[in-house]
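Note sheet for the following structure.
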Protein chains: 2
Amino acid sequence: MGTVPVGVGGVRVTESSSASLVVDDGERVGKKGGVGRGAPEAKTAMALKNHSEAERRRRERINSHLATLRTMVPCSDKMDKAAILAQVINHVKELKSKAVEISKGYNIPSDTDEVRVEAEANAVNSGSFYIRATLCCEDRPELFAELRQTLDTLQLKLIRAEISTLSGRVKNILIMRCDDNANDIDRHIYTASVHQALKSVLDRVNSTVDFYPRAKRRRISMFESSCSSS
Amino acid sequence: MGTVPVGVGGVRVTESSSASLVVDDGERVGKKGGVGRGAPEAKTAMALKNHSEAERRRRERINSHLATLRTMVPCSDKMDKAAILAQVINHVKELKSKAVEISKGYNIPSDTDEVRVEAEANAVNSGSFYIRATLCCEDRPELFAELRQTLDTLQLKLIRAEISTLSGRVKNILIMRCDDNANDIDRHIYTASVHQALKSVLDRVNSTVDFYPRAKRRRISMFESSCSSS
DNA sequence: CAGCACACGTGAGCC
DNA sequence: TGGCTCACGTGTGCT
């Protein structure tokens, strides 16, 4: 047969506007019964078949992903599609909130880049003072060496470093001492240049990180659900 | 053919294969114009209309959840449905692996209940020995008091407790001393009774936890993706 | 049979 | 043009 077995398929009319019911410009109606010029019919029939098969594959892709999600999310046996998706949404939210909760109190690298430099409040009032710097970015093996080198050229002595990594991200917290004779203004200038230096380190990381598989310049935070479209 | 440009609303005619185009066994064709035995036609028409509207609502539910997911997952603008779902799957996996990664080294309460009791290996070879007990379950305000009371009746002295909570779950790690004169057999018996006592505490928690909103006796682990069907 | 959920084939529109 | 996605209305089966 031409097309599908078409159960009840026949003509369907949804009530509505008006007219148009009878239009049929004659040629399209051919179907298999008609003779007409044989070629085009077979073609459109094939096209239609391809179409429905493609659509079928598409549906299978979507449904297989849905099936996967069903297994990943709190046991949802016999839930309809919408319920599964709702459950997935809640699950993702819960995972995120757990992540942020765990991170409280620990210095866990976040998913957003961060450069922070601050002069320590309790700096001794002598020729030297302390700076606390934070750099959070994609992890790279040579990053810490590069960081030390950068700080060396700024004549900063690394006192203590707290480094944590998570899923390819790294967060460095660096306590450093500057031994220059420095008045208040110098300290601000110093702080600013340290900030700038770290920012350029970050930029270098972000310009080369594309060579690595997990390259995602802009990633969504575990904590935020912002989605900058544009 | 009939299918005028008509956006969505208007008359829709699905070309049928053979037959049915012209068949119309009279009664079925009625439309609104027909008189005949008016009732059944209008009824099925209404049913059909309801059906398609319900289906539309269903689609809207699913699609709105999909839209929500799109905003929660790493920026997926202009991805098709299947791609969004695939992305969600990866995102959930990543969140889970991050969670398990973070938890390494810390005593974070897991999503599965746990009772563990062990005699400390480095127990002094005297009349007293140490027991390390772990209880992980849903959190309840009075849990710790109840725990202490339970241990008191077992004549266990609490030496140290490490308690961590996360998203309504709690994990207690208790180091306790038993001052009874005890040979090896007594220790095993003791350990077993402590285990049993803690299990009954857990059972009590699980039997009353339903009064609390976040009651979920069986929850899927952040770490495991097992889904016991049945 | 109403109500619901799903799979299907198809028309429209977009590269 | 053909391949693709999406929304739609509908057939079907389950409760």
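Reckoned from all heavy atoms, side chains included, excluding hydrogens, waters and symmetry mates. The model shown is predicted, which means the values in this text are computed figures rather than measured ones.
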Does Lys81(A) have a side-chain nitrogen or oxygen under 4.0 Å from the phosphate oxygens OP1 or OP2 of dA7(C)?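 Answer is yes, contact under 4.0 Å.
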Can a salt bridge be assigned to the pair Glu94(B) and Lys96(B) using a cut-off of 4.0 Å between side-chain N and carboxylate O?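 Looking at Lys96(B) together with Glu94(B), the answer is no, because their closest N to O distance does not fall below 4.0 Å.
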Between the side chains of Asp113(B) and Arg169(B), is the shortest nitrogen-to-carboxylate-oxygen separation below 4.0 Å, so that they form an ion pair?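 Salt bridge between Arg169(B) and Asp113(B), a charged N being under 4.0 Å from a carboxylate O: yes.
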With sequence neighbours excluded, what pairs up with Arg56(B) under the side chain to side chain donor-acceptor pair (under 3.5 Å) test?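 Arg56(B) satisfies side chain to side chain donor-acceptor pair (under 3.5 Å) with Glu60(B) once adjacent residues are dropped.
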Who are the side chain to side chain donor-acceptor pair (under 3.5 Å) partners of Glu55(B), not counting sequence neighbours? Arg58(B)
So does Glu146(A) have more than 12 non-hydrogen atoms from other groups sitting under 6.0 Å from CD?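 Atom CD in Glu146(A) is crowded, with more than 12 foreign heavy atoms closer than 6.0 Å.
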Rounding to an integer number of Å, can you tell me how far [X] [atom1] sits from [N] [atom2]?
| X | N | atom1 | atom2 | result |
| --- | --- | --- | --- | --- |
| Met79(B) | dC14(C) | CE | C1' | 18 Å |
| Asn50(A) | dT1(D) | CG | P | 14 Å |
| Arg57(A) | dC6(D) | CZ | C1' | 16 Å |
| Leu48(B) | dA2(C) | CG | P | 12 Å |
| Glu53(A) | dG2(D) | CD | P | 16 Å |
| Lys49(B) | dG3(C) | NZ | P | 15 Å |
| Lys78(A) | dT15(D) | NZ | C1' | 12 Å |
| Leu85(B) | dT5(D) | CG | P | 13 Å |

With a 4.5 Å cut-off on side-chain heavy atoms, are Leu202(B) and Cys137(B) touching? yes
Between Thr134(A) and Asn172(A), is any pair of side-chain heavy atoms under 4.5 Å apart?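 Counting from C-beta outward, Thr134(A) and Asn172(A) never come under 4.5 Å.
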Does the dG2(D) base have a donor-acceptor partner in the side chain of His51(A) within less than 3.5 Å?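 In this structure, the two groups form no donor-acceptor pair.
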Classify the side chain of Glu55(A) and the base of dC8(C) as holding, or not holding, a donor-acceptor pair under 3.5 Å. no
Specify the residues of residues 58-68 of chain A, ordered by number, for which at least one heavy atom lies under 4.0 angstrom from an atom of DNA chain C.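 Nucleic-acid contacts, sorted: Arg59(A), Asn63(A).
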Candidate nucleotides dT10(D), dC6(D), dC6(C), ranked by approach to the side chain of Asp80(A) - the nearest: dC6(C)
